[in-house]
Amino acid sequence: MKIAIIYFSPSGNTHRAAVELQNELVKKGHGVSLLNIAGNSGFFGGKDISGFLEENVWEHDALVIGSPVYAHHLQYHVQDLINALPAPGGKWGKNAFTFVTYGGISSGVALKEAAALLKKSGRRVIAGMKISSPHRMTRGFMVKEYNSEKFAGGMPAEIGKFAGLISSSLNSKGGKENKRAFNYNGVKTDLFAKFIFKEKEWHAKRYPGVMIDESKCSACGVCVKNCPVMHLAKTGGKITWNNDSECVHCLNCVTNCSKKAVYLTGDLEKGKAFMNKMIEKNGNKEKPETGIYIGVTF
Ligand SMILES: Cc1cc2nc3c(=O)[nH]c(=O)nc-3n(C[C@H](O)[C@H](O)[C@H](O)COP(=O)(O)O)c2cc1C
């Protein structure tokens, strides 16, 4: 059987999870295609996401969507992606799965949002998985990347179980829907996500700004190559901003610059204090930290 995995991995964790899932599914005899939209000019350069997906996603029996959790939410480009999915039928399968990677603070409402959007697209959401992962944003301005040990010993075994679920669902029909499967974080998290953790607003106003010190920059283009949303470009021998695609603060540009020419501005001490408070209060407190939720039982 065939499975298509489409995902957005700005800084590698979601990609690692997708590759592990692919390996586990291949071991079970399935064919799996991976499509990472990070840095993909077809997705970020064009205006027609549905057309891009139609062209780049292969015929499948099950579709899997992967995303990082950003500010408690399903990263907004993945929301756009799901909203642009062609309806099931033809090469597009009806059965869907979703997984999110999060930095151990809160997986928020991301799985719930993914499931609701996939359902709206006409799909059956059979299961979702959250994966506790290194917190990629913290590597940009904290002493140590939070949760960096999470993948140190390899990827979590639950990914194998998730692959098993996908595999065993492929021939199943019918089943009973569990409407509240993805509500595991409760009402308080819903309210925080809705009224406080507003991802787009935080990118615009709250997260540290990313700047380039031209006196240090050699315009080598490493930052451009590593920018998952094509916000950076190289024009006339200089690094420039492409404001058609906003920065998502993955901080790849900052951490990969060997000249330290890309740097963060804003009140970083306040940012650190906020993050430390979040870690102290919520760090690795979701139980289970990595887990699978069943949307349809057979
Ligand atoms: C802008 C931004 C916001 C984030 N927000 C959260 C969050 O609300 N909760 C959390 O636990 N982790 C959060 N993280 C950590 C990421 O979810 C985590 O590192 C994820 O695995 C990154 O996936 P990627 O490596 O595929 O980009 C955030 C990271 C970034 C860069």
Side-chain angles (χ1 to χ4, degrees), residues 5-21 34-40 65-78 81 98-114 129-142 144-152 155-156 159 185 189-190 192-194 196-210 226-229 231 246-256 264 266 271 274-291:
I5 308 180
I6 319 175
Y7 60 99
F8 180 42
S9 184
S11 57
N13 289 344
T14 312
H15 173 69
R16 286 185 67 179
V19 170
E20 182 73 8
L21 185 58
L34 296 185
L35 174 62
N36 184 359
I37 60 164
N40 191 311
I65 302 291
S67 173
V69 176
Y70 270 22
H72 278 45
H73 291 277
L74 185 74
Q75 208 289 322
Y76 72 83
H77 288 297
V78 182
L81 189 164
T98 180
F99 69 92
V100 296
T101 67
Y102 75 108
I105 308 283
S106 175
S107 64
V109 291
L111 269 187
K112 190 175 159 180
E113 286 173 338
M129 178 176 189
K130 61 170 186 183
I131 303 168
S132 182
S133 313
H135 195 306
R136 304 301 273 155
M137 193 185 207
T138 56
R139 78 202 144 129
F141 61 96
M142 307 285 281
K144 186 177 166 282
E145 180 181 56
Y146 181 64
N147 245 3
S148 60
E149 70 289 351
K150 279 295 172 210
F151 293 171
M155 300 304 282
I159 295 180
N185 267 335
T189 304
D190 285 356
F192 270 114
K194 186 161 183 201
I196 297 171
F197 292 84
K198 299 181 181 176
E199 191 198 337
K200 283 193 182 168
E201 201 177 298
W202 281 30
H203 286 305
K205 296 189 189 145
R206 184 161 178 152
Y207 290 134
V210 178
N226 282 288
C227 178
V229 292
H231 178 56
E246 296 299 331
C247 172
V248 294
H249 297 94
C250 68
L251 309 188
N252 283 353
C253 52
V254 176
T255 49
N256 283 304
L264 294 175
F274 176 75
M275 192 59 89
N276 276 326
K277 205 170 122 195
M278 295 290 287
I279 290 170
E280 205 177 300
K281 201 167 150 235
N282 303 316
N284 290 330
K285 295 219 168 62
E286 268 189 37
K287 294 290 172 254
E289 289 175 28
T290 293

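Numbering of ligands and ligand atoms starts at 1, following listing order. Throughout, numbering of the chain's residues begins at 1 and tracks the sequence. What you see is a predicted model; the values in this text were computed from it and never measured.
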| field | Contact check, V248 vs ligand 1, heavy-atom distance below 4.0 Å | value | yes

| Are the side chains of N185 and V109 in touch, meaning some heavy atoms are under 4.5 Å apart? | no

| field | G12-ligand 1 polar pair, N/O distance under 3.5 Å | value | yes

| Who gets closest to atom 13 (C) of ligand 1 by heavy atom: E286, H15, H135? | H135

| field | Numbered atoms of ligand 1 (with element) below 4.0 Å of R136, judged on heavy atoms | value | 19 (O), 22 (C), 25 (O)

| task | Go through the side-chain N and O atoms of R139 and N252 and say whether any donor and acceptor fall under 3.5 Å apart. | result | yes

| said: Tell me every residue that passes ring-ring contact (aromatic ring centres under 6.0 Å, His included) with F151, counting only those two or more places apart in sequence or in another chain. | reply: none

| said: Taking 4.0 angstrom as the limit and counting only heavy atoms of S9, give me the atoms of ligand 1 inside it, by number and element. | reply: 24 (P), 26 (O), 27 (O)

| task | Starting from atom 27 (O) of ligand 1, find the nearest protein heavy-atom neighbour and note its residue, name and distance. | result | S11 N, 2.8 Å

| What atoms in ligand 1 come closer than 4.0 Å to a heavy atom of S133? | 21 (O)

| message | For a 4.5 angstrom cut-off between non-hydrogen side-chain atoms, does E246 reach Y76? | response | yes

| message | Heavy atoms only, cut-off 4.0 Å: how does A71 contact ligand 1, side chain, backbone, both, or neither? | response | backbone

| field | H249, any N or O under 3.5 Å of ligand 1 N or O | value | no

| said: Which residue and atom name correspond to the protein heavy atom nearest atom 30 (C) of ligand 1, and how close is it? | reply: Y70 CE1, 3.4 Å

| said: Just to be sure I read this right, does ligand 1 sit under 4.0 Å from the backbone of Y207, its side chain, both, or neither, counting only heavy atoms? | reply: side chain

| query | What part of S106, side chain from CB on, backbone N/CA/C/O, both or neither, has a heavy atom under 4.0 Å from ligand 1? | reply | backbone

| request: For Y70, check side-chain hydrogen bond (donor to acceptor under 3.5 Å, both in side chains) against everything at least two apart and list the hits. | output: none

| Does an N or O from T14, backbone or side chain, lie closer than 3.5 Å to an N or O of ligand 1? | yes

| Is the number of heavy atoms from other residues, nucleotides or ligands under 6.0 Å of K281 NZ greater than 12? | no

| task | Please say whether P134 places an N or O atom under 3.5 Å from an N or O atom belonging to ligand 1. | result | yes

| Considering only the protein, which heavy-atom contact is closest to atom 21 (O) of ligand 1, and what is its distance? | T101 OG1, 2.7 Å

| Do the side chains of L251 and M137 get nearer than 4.5 Å, heavy atoms only? | yes

| field | Closest approach of any protein heavy atom to atom 12 (N) of ligand 1, naming residue and atom | value | G103 N, 3.0 Å

| query | N/O to N/O below 3.5 Å, does that happen between V69 and ligand 1? | reply | yes

| task | Measure the shortest side-chain to side-chain distance between L35 and N40 over non-hydrogen atoms and say whether it is less than 4.5 angstrom. | result | yes

| Can you tell me which residue and heavy atom of the protein come closest to atom 22 (C) of ligand 1, and the distance to 0.1 Å? | P68 CB, 3.7 Å

| message | Just so I know, are the side chains of N282 and S106 near enough to count as touching, which here means a heavy-atom distance under 4.5 Å? | response | no

| More than 12 non-hydrogen atoms from neighbouring residues, nucleotides or ligands closer than 6.0 Å to NZ on K205, yes or no? | no

| message | For K194, is the NZ atom crowded, meaning more than 12 foreign heavy atoms sit under 6.0 Å from it? | response | no

| task | Heavy-atom contacts with H72 under 4.0 Å: which atoms of ligand 1 show up? List them by number with element. | result | 7 (C), 8 (O)

| request: Considering non-hydrogen atoms only, spot the tightest contact between I279 and M142 and give its length. | output: CD1-CE, 4.2 Å

